[in-house]
2 protein chains.
Amino acid sequence: MRSLFYVDDGVPDVGGLAVVDGDEGHHAATVCRTRAGEHLDLSDGAGVVAHCIVEDVAKGRLTARVQDRRVVEPPVPTVTVVQALPKSDRSELAIELATEAGADAFVAWQSARCVARWDGAAKTEKGLRRWSAVARSAARQSRRPYIPAVDGVAVLRDLIESTRSAPPGSVLVLHESATEPLAGAVPSGTEALTLVVGPEGGITDDELAALTDAGAHTVRLGPTVLRTSTAAAVALGALGVLTRRWS
Amino acid sequence: MRSLFYVDDGVPDVGGLAVVDGDEGHHAATVCRTRAGEHLDLSDGAGVVAHCIVEDVAKGRLTARVQDRRVVEPPVPTVTVVQALPKSDRSELAIELATEAGADAFVAWQSARCVARWDGAAKTEKGLRRWSAVARSAARQSRRPYIPAVDGVAVLRDLIESTRSAPPGSVLVLHESATEPLAGAVPSGTEALTLVVGPEGGITDDELAALTDAGAHTVRLGPTVLRTSTAAAVALGALGVLTRRWS
């Protein structure tokens with residue numbers, strides 16, 4: 001299977017020459033040791049994938065001729081993961097695993113029991129930048145034509161608002177105390193689902209009540225208790241077969 | 001939710017006094033700082049779970065009175081994960097994630113393209129011991145009444161043999177080139193499934209042909225390419241809803 005790299009300036013038409021440089025060029029040329037003559041896929045990270053042949057590799061820069069170009073339709077329904085900030089290195093793991101499993105977008109949730117705090121603009125910006133980088137790298141590794149968006153940081157008030165304006169049943173909160181299994185809770189025909197994952201210490205009763213009042217559905221993911229960094233990825237596996245995503 | 005710890009000598013009847021010592025006692029008493037009067041669950045790791053109240057905590061040793069005792073039925077079908085040896089720290093991650101997601105047993109597969117090698121009896125024994133410890137710790141974290149068994153190491157010949165003697169369709173090989181989605185490949189009424197996960201470099205054509213010849217089913221897990229350390233956990237999410245496991 002061909003490697004995939006992202007081009008930020010769009011994928012040229014068939015016959016055109018694509019340039020991969022910057023961090024992505026460094027990765028392709030130096031880390032992956034791509035050579036002239038190799039076949040690879042280039043993607044704009046927004047659905048366009050092109051089969052290319054490498055023409056030239058210089059230090060941290062690669063040019064490749066487009067042989068073939070197609071547009072991959074986005075999955076339906078899309079799944080946005082609202083991820084409570086996990087502790088230290090589990091934070092990156094959560095984004096990596098969920099990206100591999102097909103998450104379409106992330107929202108960072110500063111929930112009541114999060115040990116990690118993104119306090120202040122600088123810390124928040126740094127955290128979001130790191131999540132974006134991890135999502136991009138995991139998407140490349142998984143050869144995804146879409147790089148998941150990292151849509152900012154939310155507090156409970158933001159989640160309540162977005163839940164209120166979402167279609168009925170489309171916001172699913174994973175919770176170990178829920179009695180309804182995920183399998184029974186996915187509305188058919190939904191275009192966009194939101195999956196809310198709590199922190200290590202769990203979602204508080206107040207948070208759960210507020211989200212439920214706003215229209216969210218509390219569901220259980222199997223009989224085991226999953227870590228905050230694992231839950232979204234395993235739930236995406238379940239959603240893959242419960243929806244049209246993996247058909 | 002109550003913490004769960006394992007007792008190696010079996011769970012006493014209601015009214016009896018259970019003792020947690022050794023590594024598990026150290027974990028319960030020192031790492032988790034359990035105190036007298038606390039409520040917790042003790043399990044034998046083989047289906048018995050007891051609600052207990054802690055009577056005494058000494059250094060690395062804890063005694064607790066059994067209040068209530070129940071037997072949890074094992075999941076049906078069981079899922080054995082045949083995991084090709086991942087590289088370095090991804091090895092433990094694979095076992096951890098799949099245990100959280102509900103794997104019932106593991107077999108370590110020394111496949112052709114594994115970068116990691118468990119060469120010789122000492123290295124193999126050390127590897128299996130480490131996998132067992134990780135499975136136990138992840139099962140505790142997930143409050144599972146069953147600790148997944150680590151069933152030794154296999155080479156291709158072993159897998160061919162076990163596939164031949166398994167019920168038709170019950171051995172599923174995850175492969176990115178497969179055209180059949182996992183959703184369509186799970187036989188109904190099976191008591192035991194086996195999930196085969198290849199290494200970073202992939203399963204070779206020869207390995208795939210040999211396993212298919214022996215009766216294994218090659219299936220695809222969604223449109224993305226998953227790391228060897230992530231694949232089993234995400235597949236277990238899908239199997240949770242495709243079988244009776246998570247109903």
Original post:
For A:V225, is it the side chain, the backbone, both or neither that has a heavy atom under 4.5 Å from a heavy atom of chain B?
Top reply: both
Original post:
Which bit of B:L239 comes within less than 4.5 Å of chain A, counting heavy atoms only: side chain, backbone, both or neither?
Top reply: neither
Using only distance, no hydrogens or angles, which N or O donor-acceptor pairs sit under 3.5 Å between chain B and chain A?
| from | atom 1 | to | atom 2 | distance (Å) |
| --- | --- | --- | --- | --- |
| B:R90 | NH1 | A:E96 | OE2 | 2.8 |
| B:R90 | NH2 | A:E96 | OE2 | 3.2 |
| B:E96 | OE2 | A:R90 | NH1 | 2.8 |
| B:E96 | OE2 | A:R90 | NH2 | 3.2 |
| B:E100 | O | A:T224 | OG1 | 2.6 |
| B:E100 | OE1 | A:R227 | N | 2.8 |
| B:E100 | OE1 | A:T230 | OG1 | 3.0 |
| B:E100 | OE2 | A:T230 | OG1 | 3.2 |
| B:S142 | O | A:V225 | N | 3.1 |
| B:S142 | OG | A:V225 | O | 3.0 |
| B:T224 | OG1 | A:E100 | O | 2.6 |
| B:V225 | N | A:S142 | O | 3.1 |
| B:V225 | O | A:S142 | OG | 3.0 |
| B:R227 | N | A:E100 | OE1 | 2.8 |
| B:T230 | OG1 | A:E100 | OE1 | 3.0 |
| B:T230 | OG1 | A:E100 | OE2 | 3.2 |

Subject >> Among the listed options B:P75, B:P181, B:G222, the residue most often paired with chain A at heavy-atom distances under 4.5 Å >> reply: B:G222
Subject >> A:A233: partners by side-chain contact (heavy atoms from CB on, under 4.5 Å), with sequence neighbours left out >> reply: A:L97, A:A101, B:V234
